[in-house]
Amino acid sequence: MTVSAHQDQGAPLHELRNVMMRFGGVVAVDNLTMAIPKGSVHGLIGPNGAGKTTVINLITGMFFPTEGTIHFAGKRTDGKQPHEIAALGISRTYQNVRLFSGMSALEQVMTGCYLNRDSSLFQSFLGMPIARANWRRVREKAMHLLERVSMADRADELAETLSYGEQRRIEIARALGSDPQLLLLDEPAAGMNQSEAREIGKLVHELCDAGLTVLMVEHNMSMVTEFCQSCTVINFGRLLITGDAATCLADPEVQAAYFGRKKHA
Amino acid sequence: MEMLLDFWAAYSSTVVFAMVNSFIALSMYAVLSAGILSFTTIVFAAIGGFMAAQMIAGAGLPISVAIMGAGLAGLAASVLLAPLFLRLETHWMALASLALVLITRVVVLNAPALTGGVNGMLVPVRVGVMEMAIWLALVALVFYRLHHSWYGLATRAVREDPSVAATMGISTWRIQFIAFAISGAVGGIGGAGMAVTLQFISADTYFLGAAFTMIASTVLGGSFHWFGPIVGAFIFTALPTLMQSIVPSIQDVAKGVVLLVIMIYLPRGLVDPRARKLRKAARERQTLRDHHAPLEPSHDTILPGKTSKEAKA
């Protein structure tokens, strides 16, 4: 998809409008406006402590914004509970992989399919035929998702026994279980080597081609230039610039904020 | 054969007590499995116990009806309490539940019309081993089904990480509310079980002693699988009796010592599905290493220490 293609599109899938987030005296997000175009991979970048993860937490309803509004697919989501926002079609992964201890890879992904279970908790408890059929269907779906992240052969293994890169992939499969419209990836390539990172990038593009919109928080600049069509750069919780990835990264202000701090980057 | 009968005569009451304690431990497990540490089980047990005592001694109803009534009373109490308790953060909830146990004692002592007050209540009938076993089997079946249903999967998620579970669309409040309801019903049944085995109940029956048994059984057996609390309750109930027949002198400290040993060496309890899976994984890795030595360089580049160590070996 070219840059001009998604600029032609109508309303963005997700929008933050003048969002302010204060923790006591600290302003983590300062009057931020951001739009995620539908069907694109949008990058959210900025130096450490810029407020990127706070933005993700605001989108998923972990925090309620102090001011401003959040819109998803035409609905206001600020003030909604995290599980309600998940039900609207937003899913996420975590910067520091948060899988459930004691669950196998398959169980993790099945838990991610909770919204897709199609039978009530009570039907499932009674073991009614319809609930059993749905359970089997979800199991197959979860296996299919594990295949997508090439983890199907490890389905029955405890997630904590897997390597970090494998855990990240399981987390992505789990996030896809609810068939989200918007997937938030918080540094999906952190702690991965270049080839693993590229694999994740390719997977993200495949998902995007299938109609998913992705917001990717990323530190790895080559990932951003290679896989994001557009991006938003923030620093100290404030918007620096937003637009297509190449323009953003070439911006002198961005260069100063980013590379001025991280010499090795 | 005669020996067996003698043994049964001597220990059948221990078995019944163990089953009763299983209900109490399962009631605590019901909330613990959804990430809530709460002592409200004791309150539900008290409500169920006095309810059953009134139904039997006052209204002359059969034991099974009284146990059912006690379960419903516990359920009703928990459904009323849960919305209040779920407003609190976990540790405050634990403290609040402890406060409620203290309040319950005072209420029991000051409501002689319902509970016999300081004199307690006599229960004229005693439950049979078989009947108690059937009730326990029924409750265990419920826990078995819960464990293998969406509710079970959701509770494990909520317990391990409630905020992650929420972003999966799982309503923590709803899951924990259901957990409270189950805890209430099972706690009520346990309380009735105490009434029809002890045959005398008072404010002290549903107080710190019962709370200690409940926690110890759950810790001992393990709180990560429904079978754990049952195993824990049986061991914990049988232990003093066993100790008395082997070394009577240490009977009093035996409970405490066993509890300490378990907490230090098996902090997740005797029944631990995660430990079992980890052992299985370790075994599989071992056989893999035996069959495919030398190990191919893996993709685990995140663990350079591991590969270099293997390279040296």
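Throughout, protein chains are lettered first and strands after them, A, B, ... in sequence-line order, and every chain is numbered starting at 1.
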Got a salt bridge between A:Glu107 and B:Arg156, using NZ or NE/NH1/NH2 to carboxylate O under 4.0 Å?
yes
A:Ser101 and B:Arg274: which non-hydrogen atoms are nearest, and at how many Å?
OG-NE, 3.3 Å
Side chain, backbone, both or neither: which part of B:Leu278 has a heavy atom under 4.5 Å from chain A?
both
Whatever's closer than 4.5 Å to a heavy atom in chain B on A:Phe122 counts as neither
Any side-chain heavy atom of A:Leu99 sitting closer than 4.5 Å to one from B:Asp161?
no
Side chain, backbone, both or neither: which part of A:Glu160 has a non-hydrogen atom closer than 4.5 Å to chain B?
side chain
Is it the case that over 12 heavy atoms from other parts of the model lie below 6.0 angstrom from the CZ atom of B:Phe227?
no
Residues, nucleotides or ligands: over 12 heavy atoms within 6.0 Å of A:Arg137 CZ:
yes
Do you know which of A:Val138, A:Ile90, A:Leu126 has the most heavy-atom pairs under 4.5 Å to chain B?
A:Val138
Of the backbone (N, CA, C, O) and the side chain (C-beta and beyond), which part of A:Ser178 lies under 4.5 Å from a heavy atom of chain B, both, or neither?
neither
Point-to-point distance, once rounded to the nearest 0.5 Å, from CG of A:Asn116 to CE of B:Met168
12.5 Å
Part of A:Ile85 lying under 4.5 Å from any heavy atom of chain B
neither
Measure the spacing between CG of A:Leu115 and CD1 of B:Ile170 and express it to the nearest 0.5 Å.
8.0 Å
Assess whether atom CZ of A:Arg154 is packed by more than 12 heavy atoms of other residues, nucleotides or ligands within 6.0 Å.
yes
Within 6.0 angstrom of B:Arg268 CZ, more than 12 heavy atoms from elsewhere:
yes
Nearest heavy-atom approach of A:Arg98 to B:Ser163 is NH2-OG, 2.8 Å
Around B:Glu89, counting heavy atoms of other residues, nucleotides and ligands shown, do more than 12 lie under 6.0 Å from its CD?
no
Heavy-atom closest pair (B:Thr167 atom, A:Ala86 atom, distance to 0.1 Å) is O-CB, 3.4 Å
Residues 134-153 of chain B: residues contacting chain A (heavy atom under 4.5 Å, by number):
B:Val142, B:Arg145, B:Leu146, B:His148, B:Ser149, B:Trp150, B:Tyr151, B:Leu153
Any chance CZ of A:Arg132 has more than 12 other-residue heavy atoms, nucleotides or ligands included, within less than 6.0 Å?
no
Need one label for B:Arg174: side chain, backbone, both or neither, based on atoms under 4.5 Å from any heavy atom in chain A.
side chain
Taking the side chain as every heavy atom from C-beta outward, state whether B:Thr172 and A:His83 have any atom pair closer than 4.5 Å.
no
Could you tell me which of A:Met103, A:Glu157, A:Glu84 has the largest number of non-hydrogen atom pairs under 4.5 Å with chain B?
A:Met103
Quick one, B:Lys277 with A:Thr161, criterion side-chain contact (heavy atoms from CB on, under 4.5 Å). Give me CA distance, side-chain angles, the key distance, then yes/no.
CA-CA 10 Å; B:Lys277 283 182 202 160; A:Thr161 63; over 6 Å; no
What residues of residues 140-153 of chain A sit under 4.5 Å from chain B when only non-hydrogen atoms are counted?
none
Cut-off 4.5 Å, heavy atoms of chain B, and the answer for A:Arg92 is side chain
